[in-house]
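Structure first, commentary second.
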There are 2 protein chains.
Amino acid sequence: VDPQEANWSPTEQEIAKQAFDAAYERDLLTLTRTLQSRSSAIATAEDIWNLHDFLSAKRHEFDGRYDFRYPSLLFVFAELIKTNLLQISELKGLAEEKLAKISALTRI
Amino acid sequence: VDPQEANWSPTEQEIAKQAFDAAYERDLLTLTRTLQSRSSAIATAEDIWNLHDFLSAKRHEFDGRYDFRYPSLLFVFAELIKTNLLQISELKGLAEEKLAKISALTRI
């Protein structure tokens, strides 16, 4: 067991995984709908290349955002809360200390 | 007038522009429909990133393919014919020498 992971009890790990997955699914659903709506409205070549630029940015954003490693997780959750992909209430059950750190990070 | 352009009579320039634009519009229409159909079938994140890769490749392809400069034009038309975006008959009216060169290039 890596020492960072040891900081998270099995219950906490489960809560974290569920919250993480829920945020990811929401993000993906929004992206899918945006793609579908932008695709159906394509009228010019410019619209296509703008959509490509948008997807490039989103891919970069997803790559940076969804990093399920215990050392990063408090930052990840803070970011997901700031971007409205997660409610702090979905993390109920994590140690108070972790919740306090996440809350503090959302205010930065 | 640049010396390469001087090789193309005004009528040839007009024929070339029309054929070029027609191929471009066909290509764009196909791309738009593919995008719409792939977007509407998105089921997983992988589908989205594959679509992004596909768009990156298409953008690169378009950038290379649609180069309306007289020195490149014979190559451009040969490529458009090879990829079924243009019929040689749409270039009727160009000098025989140009048509022969384009035909030869399509067989390379």
Side-chain angles (χ1 to χ4, degrees), chain A residues 13-14 16-69 72-73 75-77 79-86 90, chain B residues 13-14 16-69 72-73 75-77 79-86 90:
Chain A
Q13 291 187 24
E14 199 177 309
K17 192 70 175 72
Q18 275 190 15
F20 183 93
D21 289 347
Y24 180 76
E25 289 303 322
R26 278 166 207 150
D27 214 356
L28 212 54
L29 187 63
T30 303
L31 176 56
T32 301
R33 288 186 176 157
T34 304
L35 265 179
Q36 288 166 347
S37 120
R38 287 184 64 155
S39 291
S40 68
I42 287 169
T44 66
E46 205 54 25
D47 293 338
I48 297 179
W49 312 139
N50 286 341
L51 184 55
H52 177 250
D53 289 338
F54 167 79
L55 258 184
S56 300
K58 279 288 167 187
R59 191 171 194 167
H60 183 73
E61 189 182 283
F62 268 74
D63 283 348
R65 185 175 277 165
Y66 295 101
D67 178 13
F68 196 86
R69 288 178 301 172
S72 325
L73 222 37
F75 296 94
V76 168
F77 285 139
E79 164 77 6
L80 292 174
I81 290 166
K82 278 164 87 172
T83 49
N84 286 316
L85 288 158
L86 195 69
E90 296 179 81
Chain B
Q13 291 187 26
E14 200 177 308
K17 191 70 176 71
Q18 274 189 14
F20 182 93
D21 288 349
Y24 180 76
E25 288 303 323
R26 278 166 207 150
D27 214 356
L28 212 55
L29 187 63
T30 304
L31 176 55
T32 301
R33 287 184 178 157
T34 304
L35 265 179
Q36 288 166 347
S37 121
R38 287 184 64 154
S39 292
S40 68
I42 287 169
T44 66
E46 205 55 24
D47 293 338
I48 297 179
W49 312 138
N50 286 342
L51 184 56
H52 178 250
D53 289 338
F54 167 78
L55 258 184
S56 300
K58 279 289 167 186
R59 191 171 194 167
H60 184 73
E61 189 183 284
F62 268 74
D63 283 348
R65 185 175 278 165
Y66 295 100
D67 179 14
F68 195 86
R69 287 177 302 172
S72 324
L73 223 38
F75 297 94
V76 168
F77 284 139
E79 164 78 6
L80 292 174
I81 291 165
K82 278 164 87 172
T83 49
N84 286 315
L85 288 158
L86 194 70
E90 295 179 83

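Naming convention: chains lettered A, B, ... in sequence-line order (proteins, then strands); numbering from 1 in each chain.
- Contact annotation for A:D27: neither backbone nor side-chain heavy atoms come within less than 4.5 Å of a heavy atom of chain B.
- Surrounding CZ of A:R33 are at most 12 heavy atoms belonging to other residues, nucleotides or ligands under 6.0 Å away.
- B:K58 NZ to A:W49 CH2: the interatomic distance, rounded to the nearest 0.5 Å, is 8.5 Å.
- Atom CZ of B:F75 has 12 or fewer heavy atoms from other residues, nucleotides or ligands within 6.0 Å.
- At most 12 heavy atoms of other shown residues, nucleotides or ligands fall within 6.0 angstrom of atom CD in A:E14.
- Between B:S39 and A:L35, the shortest heavy-atom distance links the atoms OG-O, 4.0 Å.
- Interatomic distance, CG of B:L28 versus OG1 of A:T44, reported as 8.0 Å (0.5 Å rounding).
- With rounding to the nearest 0.5 angstrom, the CG atom of A:D47 is 8.5 Å from the OG1 atom of B:T32.
- For the pair B:H52 and A:S56, the tightest heavy-atom approach, listed with the atom from each and the gap, is NE2-OG, 2.8 Å.
- Separation of atoms CG (B:L51) and CG (A:L55) is listed at 6.0 Å; rounding is to 0.5 Å.
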